[in-house]
Amino acid sequence: MLPPTPIALLDLAAEHARYQVELDAAWHTTVQEAAFIQGPAVEQFAAELGSHLGNVHVVPCANGTDALILALLSLGLPAGTEVIVPAFTYIATLEAAALLGLRPVLADVLPNTFMLDPAAVRAAITPRTGAVIVVHLFGQCADLEEIKQICAAASLALIEDNAQALGATFTFASGEIAHAGTVGEVGTTSFFPSKNLGCLGDGGALFTRNAVRADLLRQLANHGQNQKYHHQHIGFNSRLDTLQAALLRVKLRHLPAAQAARQAFAASYDAGLAGISGLQIPARDPRSNHVYHQYTVAVEGGGRRDALQQYLRKHGVPSAIHYPQPVHQQPAYAYLGYRAGQFSVAERLCQQVLSLPIHPELTATQGEFIIERIQAFFAA
Ligand SMILES: *Cc1c(COP(=O)(O)O)cnc(C)c1O
């Protein structure tokens, strides 16, 4: 049985077609103005995104991985300093630390939200720890309340890898509401095309509430210079292209509607998939809203996830596995010396997670079809 209309895991062509006139105008202006590096759109976009996130400093850069490198560089941690990262994340989170000669220290994640377990963070702290990188995975905030407290108590810098949760907010016990990425010393994000706010190529940004740090980050991303040919720091070239900034200004205007569409679609998944035995739908932390970069379920039982993925593929429903292998079992990170079984939640999730289609172009009919197919698989 095939879907009434083809279902895409992500349909950027259809989404961009809706903004075509605005994207064409942005492209046209950029070509005419010919200020391709650090042109006016870069600062305009940074200011617009900053006010969208509650008046935070935004420093654009070349991609989300560079943003993590820049965030760590700005802390000036001595080589060998330990940086605590979740054992279940995209590789870039620890790659940035490893590349700078810092030592990634893994901490396991919670079985319900799949995000950093505060107790595991506490247990991983040593006298050599300098920072914690929390990842707001799949579009929801990690436990910022606890992790912020742990960092403050141990004098550790908190970095938020917010590549997947731009626009999410977290409500603290004090009643304060903060945007994901604006709570720690530095927040980072990615505008990789598939992210909720994606450009038409690579892009990234850093967030901070500290004007001095924003200035440092701006310099580090531009050869460490405070003015042309005056280099205060050893930096590198990690600038957001003017063209990407101009296109991002268009897409930022449409982000609230795209986010609402994702949330509505997720609510229909929740309603259709709740209560299926052997299937765990995404857990919601009541303190955070969820912008659903991914709608990721967990399928219990050996081999059952792969069977579901195959069954869905046969019925024209694409899906993806985020992520198939835990970071401590990646060959490049064998030098960290971790053993199989050491991060049991992360290891189990790699066997069980499956991300279903979720993007603003999906129709209600397609949603019903996907839900019916999943129900049929579990009923068989
Ligand atoms: C996408 C992503 C990154 C890296 O972003 P790039 O722009 O591709 O370099 C880092 N961390 C997480 C959690 C991501 O999802």
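When a ligand or atom number is given, it counts from 1 through the structure's own listing order. Side chains are part of it too, since the values below use all heavy atoms of this structure and drop only hydrogens, waters and symmetry mates.
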At less than 4.0 angstrom from any non-hydrogen atom of [X], what atoms of ligand 1 do you find?
X	result
Asn63	7 (O), 9 (O)
Ala92	4 (C), 10 (C)
Ala163	2 (C), 3 (C), 11 (N), 12 (C), 14 (C), 15 (O)

Looking only at distances, please establish whether an N/O atom of ligand 1 is found under 3.5 Å from an N/O atom of [X].
X	result
Ser190	yes
Phe192	no
Gln164	yes

- Note the single closest protein heavy atom to atom 9 (O) of ligand 1, along with its residue, its atom name and the distance in Å.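 That would be Thr65 OG1, 2.5 Å.
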
- Item | Protein contact of atom 2 (C) of ligand 1 - nearest heavy atom, named by residue and atom, plus distance |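 Closest protein heavy atom to atom 2 (C) of ligand 1: Lys195 NZ, 2.5 Å.
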
For [X] and [Y], take the angle between the two ring planes, folded into 0 to 90°, and tell me which bin it lands in: parallel under 30, tilted 30 to 60, perpendicular over 60.
X	Y	result
Phe265	Tyr269	perpendicular
His231	His223	perpendicular
His290	Tyr292	parallel

- Charged N to carboxylate O under 4.0 angstrom, Glu82 versus Arg103?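 No, no charged N to carboxylate O under 4.0 Å.
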
- Are Glu146 and Arg122 close enough for a salt bridge, meaning some N to O gap below 4.0 Å?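 Salt bridge between Glu146 and Arg122, a charged N being under 4.0 Å from a carboxylate O: yes.
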
- Query: Does a donor on one side chain and an acceptor on the other come within less than 3.5 Å for Asp161 and Tyr90?
  - Reply: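 There is no such pair (donor and acceptor under 3.5 Å, judged by atom type) between the side chains of Asp161 and Tyr90.
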
- Task: Could you tell me whether Asp161 approaches ligand 1 through its side chain, its backbone, both or neither, with non-hydrogen atoms closer than 4.0 Å?
- Result: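 Under 4.0 Å from ligand 1, Asp161 contributes side-chain atoms alone.
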
- Message: Would you say the ring centers of Tyr338 and Phe343 fall short of 6.0 Å from each other?
- Response: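 Yes; Phe343 has its ring centre under 6.0 Å from that of Tyr338.
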
